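To start, the structure under review is shown below, and the notes come after it.
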Amino acid sequence: MTVKELREKLAQLRKERKALFARMTDGYKEEDVKAYEEKAGEIHDTEYALTEAERIAQDDLLDEAARRSLEEGNRERITDEEQKFLKAIRDAVSVGSTYTGLIPSTIASEIVKKRESYGKLRSRCRRITLSGDYAIAIDGDQVTAEYVGEGAKIAEKTPSLGKVSFTAYKLGVLVKVSEEFMADVAVDAIAWLTENIARAFAKKEDTEILKGTGAGDSHITGILTVVQDDAITSALATEINLDEIKRLIGALGEYGSGAVLIMNAATKTEISLLKDENGQYYFPPMAELTAIQGKEIITLDDVDAIGAGKRAIIAANLNYYQLVDRQNMKLTVLNELYAETDEKGIKATERLDGNVLRSEAFKVLACAAA
């Protein structure tokens, strides 16, 4: 379906849901409630489809606008360094040679900005850019203050210190291009490269911040890798109730300020449909569920949906997750990889590490085993 058709469908579904809700206010009937819930699920699916269709359409518009811009000679902002970089890539693609080089700082900065906007977790984490390995000292037993009597000595208290070390692991993006595509001067290669590279990096970083398996696999260390114990286990294998979510938030204690709830989109839908003992919805059925007890909800496909034994919700204060970026991104043209189809591979790499600073700032709600 087109974007226009999806918008029209969504408008009609919302109208139908509104009519069902009005009918329910005259008295709850089981068939009305069931119809309302089915309509809410259909709206959720259509909203997701519309979001993806709009994103694809926006990408197409950006590509077309970039082409027109170049045809009209409006690319005055391209620097000499960027021109040389793009020429080197195009030359390597056209003649079948190999090119490896650092991405110019102006282009790298654009990738970084777009990566921040596409990713859901990076912007909330603690970040630093360095050129070498890095270690952070972490307080174990906190130093505390106390009242002291006149003339009395202050008792010495030495905090125990732990250490979290960071190195750099290579994360790569591989994009296929045709010789004709890169040779076409009407293509805004900078916009195209930054868009594709940033989007791929952002998606993979979200996954790794949650599930990265650590130094043994040359990956960053994810939250779920560090936090092995579940703070809360639901009473049922296929349902989560609001009290359990509140206890999960409460388990954060002093780390609750600024925390978010990370879950699958399907879990968010199930929570939005929760009802009290009188059959009333806990959350306004006509509004999008964006937060619970002031904790913003972030949806990621990398989190398990509700199911027996699944770790379904993460309460996370991401200020206690550290990302360390290494300076400089590198780009390589690979000529042999897709030779049979007259395509080339463009590989971009970044080097980074990440780890949990304080495990107490992350709590997991798991579903009961079957």
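Keep in mind it's a predicted model, so treat the numbers as computed, not measured.
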Main-chain N/O of [Y] paired with [X] side-chain donor or acceptor, under 3.5 Å:
{"X": "Thr46", "Y": "Glu42", "answer": "yes"}
{"X": "Thr349", "Y": "Lys170", "answer": "no"}
{"X": "Thr238", "Y": "Gly307", "answer": "no"}
{"X": "Asn317", "Y": "Ala361", "answer": "no"}
{"X": "Lys120", "Y": "Thr299", "answer": "yes"}
{"X": "Asn278", "Y": "Gln280", "answer": "no"}
{"X": "Lys204", "Y": "Leu171", "answer": "no"}

Which heavy atom in [X] sits nearest to a heavy atom in [Y], and how many Å separate them?
{"X": "Thr233", "Y": "Glu244", "value": "O-OE2, 4.5 Å"}
{"X": "Phe362", "Y": "Leu318", "value": "CE2-CD2, 4.0 Å"}
{"X": "Cys367", "Y": "Ile306", "value": "SG-CG2, 3.8 Å"}
{"X": "Ala316", "Y": "Ile262", "value": "CB-CD1, 4.0 Å"}
{"X": "Leu224", "Y": "Arg311", "value": "O-NH1, 3.4 Å"}
{"X": "Phe85", "Y": "Leu331", "value": "CZ-CD1, 4.0 Å"}

For this session: Before giving the answer on side chain to side chain contact (heavy atoms under 4.5 Å, CB included), spell out for Ile271 and Ile245 the whole-Å C-alpha distance, their side-chain angles and the decisive distance to 0.1 Å.
Result: CA-CA 10 Å; Ile271 293 171; Ile245 298 171; 3.6 Å; yes
For this session: Applying side chain to side chain contact (heavy atoms under 4.5 Å, CB included), run through Leu357 and Tyr321 and close with a yes or a no.
Result: CA-CA 6 Å; Leu357 298 181; Tyr321 189 93; over 6 Å; no
4.5 Å side-chain heavy-atom contact, [X] and [Y]:
{"X": "Val112", "Y": "Met329", "value": "yes"}
{"X": "Leu121", "Y": "Leu300", "value": "yes"}
{"X": "Leu10", "Y": "Ile43", "value": "yes"}
{"X": "Leu13", "Y": "Lys39", "value": "yes"}
{"X": "Met263", "Y": "Leu261", "value": "yes"}
{"X": "Ile292", "Y": "Phe283", "value": "yes"}
{"X": "Val356", "Y": "Tyr320", "value": "no"}
{"X": "Gln322", "Y": "Asn355", "value": "no"}

Between atom [atom1] of [X] and atom [atom2] of [Y], what is the distance when rounded to the nearest 0.5 Å?
{"X": "Asp304", "Y": "Ile313", "atom1": "CG", "atom2": "CD1", "answer": "12.0 Å"}
{"X": "Lys268", "Y": "Leu289", "atom1": "NZ", "atom2": "CG", "answer": "6.0 Å"}
{"X": "Leu248", "Y": "Asp230", "atom1": "CG", "atom2": "CG", "answer": "10.0 Å"}
{"X": "Ile223", "Y": "Glu208", "atom1": "CD1", "atom2": "CD", "answer": "12.0 Å"}
{"X": "Asp206", "Y": "Phe201", "atom1": "CG", "atom2": "CZ", "answer": "13.5 Å"}
{"X": "Asn196", "Y": "Lys114", "atom1": "CG", "atom2": "NZ", "answer": "9.0 Å"}

For this session: Using the side chain to side chain contact (heavy atoms under 4.5 Å, CB included) rule, take Arg124 and Val260 through it: C-alpha gap first, then chi angles, then the decisive distance, then the call.
Result: CA-CA 10 Å; Arg124 295 172 167 84; Val260 297; 4.2 Å; yes
Exercise. Out of curiosity, does Tyr255 fall in the hydrophobic cluster containing Ile297 (side-chain heavy atoms, cut-off under 4.5 Å, transitive links)?
Worked result: no
Would you mind checking if [Y] and [X] are paired as a salt bridge, meaning a charged N to carboxylate O distance below 4.0 Å?
{"X": "Glu350", "Y": "Arg115", "answer": "yes"}
{"X": "Glu116", "Y": "Arg127", "answer": "yes"}
{"X": "Glu5", "Y": "Lys9", "answer": "no"}
{"X": "Lys211", "Y": "Asp302", "answer": "no"}
{"X": "Arg17", "Y": "Glu38", "answer": "no"}

Exercise. Between Arg199 and Tyr118, is NZ or CZ placed under 6.0 angstrom from the six-membered ring centre and within 45° of the ring axis?
Worked result: yes
For this session: Evaluate side chain to side chain donor-acceptor pair (under 3.5 Å) for Gln12 paired with Glu8, printing each intermediate quantity in order.
Result: CA-CA 6 Å; Gln12 181 60 33; Glu8 290 172 350; over 6 Å; no
Taking atom [atom1] as the centre, does [X] end up with more than 12 heavy-atom neighbours from other residues, nucleotides or ligands that are less than 6.0 angstrom away?
{"X": "Lys295", "atom1": "NZ", "answer": "yes"}
{"X": "Asp276", "atom1": "CG", "answer": "yes"}
{"X": "Asp217", "atom1": "CG", "answer": "yes"}
{"X": "Lys203", "atom1": "NZ", "answer": "no"}

Exercise. Can you check side chain to side chain contact (heavy atoms under 4.5 Å, CB included) on Ile209 and Cys125, steps first, answer last?
Worked result: CA-CA 9 Å; Ile209 290 169; Cys125 297; 4.1 Å; yes
